[in-house]
Amino acid sequence: MRKTFLLVGGLLFSVSSQAQILDVIKSTVKDQTGIDLNNPKIPAQTSGTATTPKTTTTTSPINLGSLTSTQISSGLKEALSLGVNEGVKKLGVTDGFLKNEAVKILMPEKLRKIDTTLRSIGLGSLADQGVKLLNRAAEDAVTEAAPIFTKAITSMTITDAKNILLGSNNAATNYLQTKTQSQLFTAFQPKVKASLGKVGADKVWSNIISKYNTLTGQAVATDLNEYVTTETINGVFKMVAEKESGIRNTPAMRTTSILQKVFGAQDGK
């Protein structure tokens with residue numbers, strides 16, 4: 001009998017220890033997973049699908065991805081063509097150069113002492129006439145410039161088109177000037193020479209220089225054809241740069257779809 005009690009007591013003790021161990025396991029599982037093994041139900045999710053963290057997409061303000069090289073090239077060339085055509089139109093009229101302080105052709109630097117001397121002896125009107133005729137020659141010659149500039153624009157390489165588009169306000173004008181200045185000068189000089197003769201500037205300036213040389217005993221000479229050619233070309237480029245800057249900074253000046261598309265891409269740069 002005593003053996004029976006001892007056996008029963010050992011079994012009870014064993015059961016009690018196992019129960020304690022089981023309780024510890026259940027408690028640990030509940031703490032770690034939230035699942036109660038005494039009532040094993042999986043907690044319902046608060047929504048039908050898992051929540052995915054939101055990602056923020058940052059869009060670059062300079063989006064040229066949708067523009068092809070051809071479109072960029074076309075937009076730049078169109079802007080330059082507009083600048084040339086409008087510039088030539090404004091400059092190729094009476095007082096187009098003379099009354100525009102941005103492009104007015106002044107007395108050549110080498111001859112400015114002539115201007116001072118003539119005015120000092122009461123011949124200021126002759127000096128004024130000389131300057132006026134330089135500008136008249138430019139106004140006459142510039143009307144022939146458009147085809148020369150247009151040819152230069154259409155043959156312009158645009159391998160660095162994106163850099164030009166996203167460059168300064170007159171990046172395209174500077175590029176065109178750098179690439180074409182010498183060719184334009186060679187093509188344009190004969191036209192300026194003809195205009196100097198047409199408006200009588202060559203004769204007036206011959207008279208001015210002769211009078212100065214007689215009065216001072218000096219022998220002053222200058223190449224008016226070269227000077228006026230350079231100043232006329234520079235005047236057109238100034239007008240082109242003004243137009244380019246306007247198109248870049250004023251959406252209302254983008255009068256065609258290609259200008260709107262291409263230059264719209266650089267608004268946020």
Side-chain angles (χ1 to χ4, degrees), residues 58-92 96-97 100-106 138 141-189 191-192 226-269:
T58 303
T59 303
S60 171
I62 305 173
N63 181 18
L64 300 182
S66 61
L67 296 177
T68 66
S69 295
T70 300
Q71 288 174 324
I72 294 173
S73 173
S74 297
L76 289 170
K77 289 180 180 180
E78 184 163 323
L80 289 170
S81 295
L82 283 173
V84 166
N85 291 329
E86 290 187 15
V88 167
K89 185 177 180 180
K90 290 179 180 178
L91 296 175
F97 272 88
N100 184 338
E101 293 300 322
V103 297
K104 180 180 178 179
I105 300 175
L106 304 176
V142 78
T143 57
E144 301 292 331
I148 298 173
F149 279 93
T150 299
K151 183 178 180 181
I153 290 169
T154 55
S155 63
M156 180 179 61
T157 60
I158 307 293
T159 54
D160 54 349
K162 289 184 180 180
N163 290 333
I164 293 174
L165 178 61
L166 300 176
S168 63
N169 281 342
N170 59 348
T173 305
N174 287 340
Y175 180 85
L176 177 62
Q177 188 168 11
T178 300
K179 296 294 184 181
T180 64
Q181 181 85 27
S182 59
Q183 298 96 309
L184 286 170
F185 184 90
T186 300
F188 199 47
Q189 192 173 29
K191 301 181 184 302
V192 171
E226 179 179 341
Y227 175 69
V228 174
T229 298
T230 300
E231 291 300 299
T232 303
I233 292 173
N234 288 344
V236 176
F237 275 124
K238 286 181 181 179
M239 300 300 285
V240 174
E242 182 179 292
K243 183 67 176 181
E244 180 190 353
S245 178
I247 290 174
R248 284 181 182 273
N249 297 297
T250 309
M253 292 182 66
R254 301 166 192 165
T255 54
T256 66
S257 59
I258 189 64
L259 290 178
Q260 292 165 4
K261 185 176 183 66
V262 172
F263 286 94
Q266 55 91 70
D267 283 344
K269 71 180 178 66

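Note that the coordinates shown come from a computational prediction; the quantities given were computed from them, not determined experimentally.
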Of all heavy-atom pairs between Ala241 and Asn170, which one has the smallest distance, and what is that distance? CB-CB, 3.9 Å
Closest non-hydrogen atom pair, Thr180 against Ala152: CG2-CB, 3.5 Å
Run Asn100 and Lys90 through side-chain contact (heavy atoms from CB on, under 4.5 Å) and show every step you take. CA-CA 10 Å; Asn100 184 338; Lys90 290 179 180 178; over 6 Å; no
Residues passing the side chain to side chain donor-acceptor pair (under 3.5 Å) test with Gln181, sequence neighbours excluded, are Gln177
Heavy-atom closest contact (Ala141 atom, Phe188 atom, distance): O-CE1, 3.3 Å
One should read off an interatomic distance between Gln71 CD and Ser257 OG, to the nearest 0.5 angstrom, of 9.5 Å
Listed once per pair and sorted, the salt bridge (Lys or Arg N to Asp or Glu O under 4.0 Å) pairs that draw on residues 167-181, sequence neighbours left out: none
Pairs where residues 249-262 contributes a residue and the test salt bridge (Lys or Arg N to Asp or Glu O under 4.0 Å) is met, not counting sequence neighbours: Arg254-Asp267
If a pair satisfies ring-ring contact (aromatic ring centres under 6.0 Å, His included) and one of its residues is in residues 238-264, list it, with sequence neighbours excluded. none
Residue pair Phe149 / Val240, side-chain heavy-atom distance below 4.5 Å: no
Are the side chain of Arg248 and the backbone of Ser168 linked by a donor-acceptor contact shorter than 3.5 Å? yes
CD1 on Ile247 to CG on Asn169, rounded to 0.5 Å: 11.5 Å
Please enumerate all residues that pass side chain to side chain contact (heavy atoms under 4.5 Å, CB included) together with Leu106, with sequence neighbours excluded. Lys104, Arg112
Thr70 side, atom OG1; Ile258 side, atom CD1 - distance, nearest 0.5 Å: 9.5 Å
Only pairs at least two apart or in different chains count here, so list each side chain to side chain donor-acceptor pair (under 3.5 Å) that has a residue in residues 144-155. none
If a pair satisfies ring-ring contact (aromatic ring centres under 6.0 Å, His included) and one of its residues is in residues 238-259, list it, with sequence neighbours excluded. none
Holding to side chain to side chain contact (heavy atoms under 4.5 Å, CB included), I want the full list of residues that pass it with Ala187, two or more places apart in sequence or in another chain. Ile148
Looking only at non-hydrogen atoms, find the nearest pair between Ala172 and Leu76 and report the distance. CB-CD2, 4.2 Å
Report the residues that fulfil side chain to side chain donor-acceptor pair (under 3.5 Å) with Thr186, sequence neighbours left out, ordered by chain and then residue number. none
Pairs under 3.5 angstrom only: tabulate donor-acceptor contacts from the side chains of residues 79-87 to other protein residues two or more places apart or in another chain.
from: Ser81; atom 1: OG; to: Lys77; atom 2: O; distance (Å): 2.9
from: Asn85; atom 1: ND2; to: Ser81; atom 2: O; distance (Å): 3.1
from: Glu86; atom 1: OE1; to: Lys243; atom 2: NZ; distance (Å): 3.1
from: Glu86; atom 1: OE2; to: Lys243; atom 2: NZ; distance (Å): 3.0

If you look at every heavy atom in Ala161 and Ile72, which pair is closest and at what distance? CB-CG2, 3.4 Å
Side chains of residues 229-237: which donor-acceptor pairs under 3.5 Å do they make with residues two or more places apart or in other chains?
from: Thr229; atom 1: OG1; to: Asn225; atom 2: O; distance (Å): 2.7
from: Thr230; atom 1: OG1; to: Glu226; atom 2: O; distance (Å): 3.0
from: Thr232; atom 1: OG1; to: Val228; atom 2: O; distance (Å): 2.6
from: Asn234; atom 1: ND2; to: Thr230; atom 2: O; distance (Å): 3.3

I'd like to check the side chain to side chain donor-acceptor pair (under 3.5 Å) partners of Ser245; sequence neighbours left out, ordered by chain and number. Asn249
Could you tell me whether a side-chain N or O of Glu244 sits under 3.5 Å from a main-chain N or O of Ala171, the two making a donor and an acceptor? yes
